[in-house]
Asker: 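A single structure is presented below for examination.
Chain naming here is simple, since letters A, B, ... match the order of the sequence lines and numbering starts at 1 in each. What you see is a predicted model, and the numbers here were worked out from it, not measured in a lab.
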Amino acid sequence: AQSVTQLGSHVSVSEGALVLLRCNYSSSVPPYLFWYVQYPNQGLQLLLKYTSAATLVKGINGFEAEFKKSETSFHLTKPSAHMSDAAEYFCAVTYTGTASKLTFGTGTRLQVTL
Amino acid sequence: DTAVSQTPKYLVTQMGNDKSIKCEQNLGHDTMYWYKQDSKKFLKIMFSYNNKELIINETVPNRFSPKSPDKAHLNLHINSLELGDSAVYFCASSADVSGPYNEQFFGPGTRLTVL
């Protein structure tokens, strides 16, 4: 069964520090991977997606993620955190033939401190 | 213009009642979804419709019945509400179901509280 695991339910970084949010997937077929962000009391917004075109994917708000097949990982990074990045981040996976059914990880809450 | 809208935003009701949540998208998408987010923020798909046809029906109690009058609307009706139904329900839409890499656009959510 398809799944993603997000290590760390809560990550705290200082403003200006590197952001690293971890996501590992389990799959026997090529996955399509997504990172979504959820700000308080809002819906989810797509940050970026991996669709096999390029392993390094750049998204909105300065975020990027690298697909590493050998490590079954799709970690999200941002070189310098801003206070406005504080939110819940979700990794999600889907596959061809699943009717675009997204399976989400358990989420990581990012806290940014001064 | 709101791409995916849901009404109501908040819903507080008693156990045993029947309630509906409405969803509309103005993106011209063919596919719509309902997700449930529990108190621990875990998101799980419930249903998906493609051009008014049910294509995903996860292991959801029969008390939950989605209805799609047209491809721009997907409503969720819940009968005999239980305490465990308390959650945030998100509607989403995507261009079509054949492209798994298509972005899903989410609505703002409906927070359901069952007392």
Side-chain angles (χ1 to χ4, degrees), chain A residues 1-6 8-11 21 23 25 27 29-54 57 59-60 65 67 74 87-110, chain B residues 2-10 21 23-25 27 29-51 53-60 87-111:
Chain A
Q2 56 184 343
S3 68
V4 288
T5 301
Q6 291 184 241
S9 60
H10 184 234
V11 170
L21 304 182
C23 174
Y25 67 92
S27 169
V29 296
Y32 296 94
L33 293 155
F34 303 78
W35 276 100
Y36 280 86
V37 61
Q38 185 180 24
Y39 297 104
N41 298 314
Q42 294 187 28
L44 280 74
Q45 179 183 4
L46 182 69
L47 278 176
L48 49 80
K49 61 184 179 184
Y50 167 73
T51 60
S52 77
V57 182
I60 62 171
F67 175 74
F74 190 57
E88 193 88 23
Y89 291 80
F90 292 93
C91 183
V93 66
T94 190
Y95 304 87
T96 301
T98 63
S100 299
K101 172 184 165 183
L102 276 177
T103 298
F104 283 89
T106 49
T108 298
R109 173 166 291 182
L110 176 65
Chain B
T2 303
V4 182
S5 59
Q6 296 178 227
T7 53
K9 189 168 175 64
Y10 300 98
I21 306 172
C23 178
E24 177 181 2
Q25 54 94 3
L27 298 167
H29 288 166
D30 287 343
T31 309
M32 296 184 72
Y33 312 80
W34 276 111
Y35 288 87
K36 179 181 180 181
Q37 186 174 48
D38 64 22
S39 58
K40 295 185 177 179
K41 300 279 188 178
F42 183 62
L43 267 161
K44 192 175 191 316
I45 191 166
M46 301 172 69
F47 302 102
S48 176
Y49 271 73
N50 186 59
N51 269 322
E53 181 184 347
L54 181 66
I55 54 171
I56 294 175
N57 185 351
E58 292 294 286
T59 50
V60 178
V88 181
Y89 293 85
F90 286 100
C91 178
S93 72
S94 65
D96 61 68
V97 70
S98 61
Y101 42 80
N102 286 331
E103 175 183 356
Q104 292 186 23
F105 292 80
F106 284 77
T110 295
R111 183 175 295 275

Asker: Before accepting this row, confirm whether a basic side-chain N of the pair E58(B)/K44(B) lies closer than 4.0 Å to the acidic partner's carboxylate O.
Answerer: yes
Asker: Scan F90(A), Y89(A), F74(A) and name whichever one has a side chain to side chain contact (heavy atoms under 4.5 Å, CB included) with L21(A).
Answerer: Y89(A)
Asker: Below 4.5 Å from any heavy atom of chain B, which atoms of Y36(A) appear? Answer side chain, backbone, both or neither.
Answerer: side chain
Asker: List the atom of Y35(B), the atom of Q104(B), and the distance in Å for their closest heavy-atom pair.
Answerer: OH-OE1, 2.7 Å
Asker: By a 4.5 Å heavy-atom criterion (distance strictly below it), what part of Q45(A) contacts chain B: side chain, backbone, both, or neither?
Answerer: neither
Asker: Quick one: side chain to side chain contact (heavy atoms under 4.5 Å, CB included) partners of A92(A), sequence neighbours excluded?
Answerer: F34(A), L102(A), F104(A)
Asker: What option among N41(A), L46(A), T51(A) has the most heavy-atom pairs under 4.5 Å with chain B?
Answerer: L46(A)
